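Just follow the structure's listing: the first ligand is 1, and inside any ligand the first atom is 1. What you see is a predicted model; the values in this text were computed from it and never measured.
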Amino acid sequence: MKVTIVGAGNVGATCADVISYRGIASEVVLVDIKEGFAEGKAMDIMQCATTTVFNTQLSGTTGDYSKTAGSDVVVITSGIPRKPGMTREELIGINAGIVKSVADNVLTHSPNAIIVVVSNPMDTMTYLTLKATGLPKHRVIGMGGALDSSRFKYFLSKALDKPANDVQGMVIGGHGDTTMIPLTRLASYNGVPVSNFLSQAELDKVAADTMVGGATLTGLLGTSAWYAPGASVAYLVDSILNDQKRMIPCSVFLEGEYGQEDICMGVPCIIGKNGVEKIVDVQLNDAEKALFAKSADAVRNMNADLKSVL
Ligand SMILES: NC(=O)C1=CN([C@@H]2O[C@H](COP(=O)(O)OP(=O)(O)OC[C@H]3O[C@@H](n4cnc5c(N)ncnc54)[C@H](O)[C@@H]3O)[C@@H](O)[C@H]2O)C=CC1
Ligand SMILES: O=C([O-])CC(=O)C(=O)O
């Protein structure tokens with residue numbers, strides 16, 4: 001199975017690294033516009049093959065999309081990341097043009113690929129990719145919910161003082177500092193509701209920390225995060241390529257689900273070899289439905305800024 005990752009920067013290269021050492025794909029092509037950059041990242045990662053022990057064939061190219069031909073999955077991470085104090089939404093001006101041209105280039109050589117959109121503002125970039133390419137909705141998947149959910153489980157595990165892998169939970173809604181919806185009501189410690197162990201104030205703090213998880217890391221690192229983002233993309237790609245049918249919150253096109261139309265935002269999806277195979281209705285309560293509607297309003301406002309590129 002072949003994966004192309006466009007953007008060999010922090011997130012793209014980390015994703016290539018995880019896909020390689022976990023043997024998720026047999027072939028990975030990294031693409032960047034910076035001369036020699038993707039080639040260098042690919043060579044560096046390939047020189048781990050005998051120490052972390054993998055057989056994935058990873059190569060890099062400076063903009064030669066013919067090398068990406070026949071990809072099963074294409075991941076778009078090209079674009080600029082935010083700096084401390086910025087929101088993801090402020091990246092739209094530069095990233096929209098990049099994402100649109102990249103999507104056109106990859107589809108010329110891989111007309112059947114499933115596209116995973118990572119560049120921010122991710123929900124709007126996913127909507128742009130879907131509208132600009134005309135691809136069926138099951139083949140355009142925005143990655144955000146997998147990452148936000150892993151951060152949610154991290155903060156829950158800290159509050160519970162229990163291993164993160166014993167914690168279940170999901171974040172839906174937009175992938176923004178104020179639009180994410182950590183579903184604390186449905187989170188559990190090995191099936192037991194976390195509300196059995198944590199007070200409402202503690203749960204509120206977990207939710208608040210999760211929502212600004214990316215901003216906190218951007219403040220600490222000077223640019224946005226990459227280890228968890230890259231690993232989250234690899235997790236999603238694994239579910240597609242290996243037809244795992246995992247339930248992963250992803251930004252997908254809604255046509256009435258969760259009360260929304262003509263928008264891409266995070267909802268729980270079954271992800272398999274066909275991409276988005278099903279949207280799962282988790283039966284939100286009234287308060288959660290109100291949060292989802294508010295989140296959708298914000299994402300829709302952002303999408304309105306696409307008029308100049310669409
Ligand atoms: N959806 C999510 O959960 C997450 C999204 N992001 C977003 O992912 C994007 C990438 O972040 P980083 O990897 O940290 O940035 P980075 O700056 O390290 O890497 C971006 C790479 O894209 C390349 N690039 C720019 N234009 C290109 C083009 N037209 N064709 C090919 N390559 C091109 C750049 O040369 C650079 O190497 C940002 O927009 C960031 O906000 C980051 C983390 C999580
Ligand atoms: O925070 C950012 O700008 C990058 C991102 O989407 C994340 O790490 O969640």
Side-chain angles (χ1 to χ4, degrees), residues 4-17 29-42 60-65 67-68 74-106 116-126 128-129 141-152 154 171 173-180 182 209-236 248-251 264-266:
T4 285
I5 301 171
V6 186
N10 285 335
V11 177
T14 304
C15 176
D17 190 29
V29 179
L30 266 175
V31 184
D32 207 284
I33 41 163
K34 232 186 284 173
E35 189 65 43
F37 193 59
E39 290 87 334
K41 290 285 182 98
T61 169
T62 307
D64 179 358
Y65 280 87
K67 303 229 167 97
T68 70
V74 173
V75 177
I76 302 181
T77 75
S78 45
I80 54 164
R82 63 173 157 169
K83 296 245 179 303
M86 289 173 76
T87 65
R88 296 175 180 85
E89 286 75 10
E90 288 174 66
L91 306 173
I92 189 172
I94 294 180
N95 286 355
I98 294 175
V99 168
K100 186 167 183 280
S101 72
V102 164
D104 288 343
N105 280 331
V106 290
V116 175
V117 181
V118 181
S119 310
N120 273 316
M122 181 278 293
D123 299 291
T124 297
M125 294 301 106
T126 305
L128 166 66
T129 302
I141 310 176
M143 195 299 294
L147 170 64
D148 301 332
S149 301
S150 69
R151 287 184 178 143
F152 183 37
Y154 163 83
V171 177
H175 179 62
D177 297 343
T178 57
T179 57
M180 277 176 218
D209 287 346
T210 302
M211 292 173 76
V212 296
T216 301
L217 285 163
T218 304
L220 291 168
L221 299 167
T223 183
S224 57
W226 58 89
Y227 292 113
S232 301
V233 180
Y235 175 79
L236 180 59
I248 305 175
C250 296
S251 186
C264 290
M265 3 181 349

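The shortest distance between side-chain heavy atoms of L91 and M86 falls below 4.5 Å. Using a 4.5 Å cut-off on side-chain heavy atoms (C-beta onward), I141 and T126 make no contact. At a threshold of 4.5 Å between non-hydrogen side-chain atoms, the residues M125 and N95 count as touching. V6 is listed as a side-chain neighbour of Y65, based on a closest heavy-atom distance under 4.5 Å. For the pair P81 and N10, the minimum side-chain heavy-atom distance is 4.5 Å or more. Within the 4.5 Å cutoff, the side chain of V11 has heavy atoms near those of the V118 side chain.
At least one heavy atom of M143 sits less than 4.0 Å from an atom of ligand 1. Under the 4.0 angstrom criterion for non-hydrogen atoms, T77 is in contact with ligand 1.
Residue pairs meeting the side chain to side chain donor-acceptor pair (under 3.5 Å) criterion with at least one partner in residues 212-229, sequence neighbours excluded, are absent. Within the structure, side chain to side chain donor-acceptor pair (under 3.5 Å) pairs that include any residue of residues 29-42 comprise E39-T62 (at least two apart or interchain).
Taking both residues in full, the closest heavy atoms of S78 and V99 are given as O-CG2, 4.3 Å, listed atom of the first, atom of the second, then distance. A215 approaches D177 most closely through the heavy-atom pair CB-OD2, 4.0 Å.
For CG of L221, the number of neighbouring non-hydrogen atoms (other residues, nucleotides, ligands) closer than 6.0 Å is greater than 12.
Short contacts between ligand 1 and G7, defined as distances under 4.0 Å to a heavy atom of the residue, involve ligand atoms 22 (O). Numbered from 1 in the order shown, with element, the atoms of ligand 1 that lie under 4.0 Å from a heavy atom of M122 read 1 (N). Close approach of ligand 1 to V6 (heavy-atom distance below 4.0 Å) involves ligand atoms 31 (C). Of all atoms in ligand 1, numbered sequentially from 1 with element shown, those under 4.0 Å from a heavy atom of L147 are 3 (O), 44 (C). Under a 4.0 Å criterion applied to the non-hydrogen atoms of L91, ligand 1 contributes the atoms 41 (O).
Here the shortest heavy-atom distance to atom 27 (C) of ligand 1, taken over V116, I33, L30, D32, belongs to I33. Considering only non-hydrogen atoms, atom 15 (O) of ligand 1 lies nearest to P81 out of G9, P81, S232. Proximity annotation for atom 8 (O) of ligand 1: of G12, G79, S119, S119 comes nearest, heavy atoms only. For atom 7 (C) of ligand 1, the nearest non-hydrogen atom from the set N95, N120, V117 belongs to N120.
In this structure, atom 44 (C) of ligand 1 lies nearest to the protein heavy atom P229 CB, 3.5 Å. Ranking protein heavy atoms by distance to atom 42 (C) of ligand 1, first place goes to V11 CG2, 3.7 Å.
Residues lining ligand 2 at a heavy-atom distance below 4.0 Å are given as R82, R88, N120, L147, R151, H175, G214, T218, S224, ordered by chain and residue number.
Residue S224 has no nitrogen or oxygen atom sitting less than 3.5 Å from a nitrogen or oxygen atom of ligand 1, judged on distance alone. At least one N/O-N/O distance between I80 and ligand 1 falls below 3.5 Å. Polar contact with ligand 1: absent for Y65 (N/O pair, distance under 3.5 Å). By the 3.5 Å distance cut-off applied to N or O atoms, V118 is counted among the residues near ligand 1. Taking distance alone, with nitrogen or oxygen atoms compared against 3.5 Å, R82 stays at or beyond that limit from ligand 1. Considering backbone and side-chain atoms alike, N10 places an N or O below 3.5 Å from some N or O of ligand 1. Between F37 and ligand 1, a contact under 3.5 Å exists for no N or O pair. When only interatomic distances are considered, the shortest N/O to N/O separation between S101 and ligand 1 does not fall below 3.5 Å.
Considering only residues two or more places apart in sequence or on other chains, K83 meets the salt bridge (charged side-chain N to carboxylate O under 4.0 Å, His left out) condition with none of them.
Counting heavy atoms closer than 4.0 Å to ligand 1, residue T223 contributes nothing at all. The proximity of I98 to ligand 1, defined as any non-hydrogen pair under 4.0 Å, is limited to the side chain.
Listed for the S101 side chain is a donor-acceptor partner under 3.5 Å among the backbone atoms of I98. Within the 3.5 Å criterion, the main-chain N or O of G7 finds a donor-acceptor partner in the side chain of T77.
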Inset, instruction - Please lay out, stage by stage, how V74 and T68 fare under the test side-chain contact (heavy atoms from CB on, under 4.5 Å). - result: CA-CA 9 Å; V74 173; T68 70; over 6 Å; no
Inset, instruction - Decide side-chain contact (heavy atoms from CB on, under 4.5 Å) for T179 and R88; before the verdict, give the C-alpha distance in whole Å, the side-chain angles of both, and the deciding distance to 0.1 Å. - result: CA-CA 11 Å; T179 57; R88 296 175 180 85; over 6 Å; no
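Just one residue in the list D148, T124, D123 forms a side-chain hydrogen bond (donor to acceptor under 3.5 Å, both in side chains) with H175, and that residue is D148.
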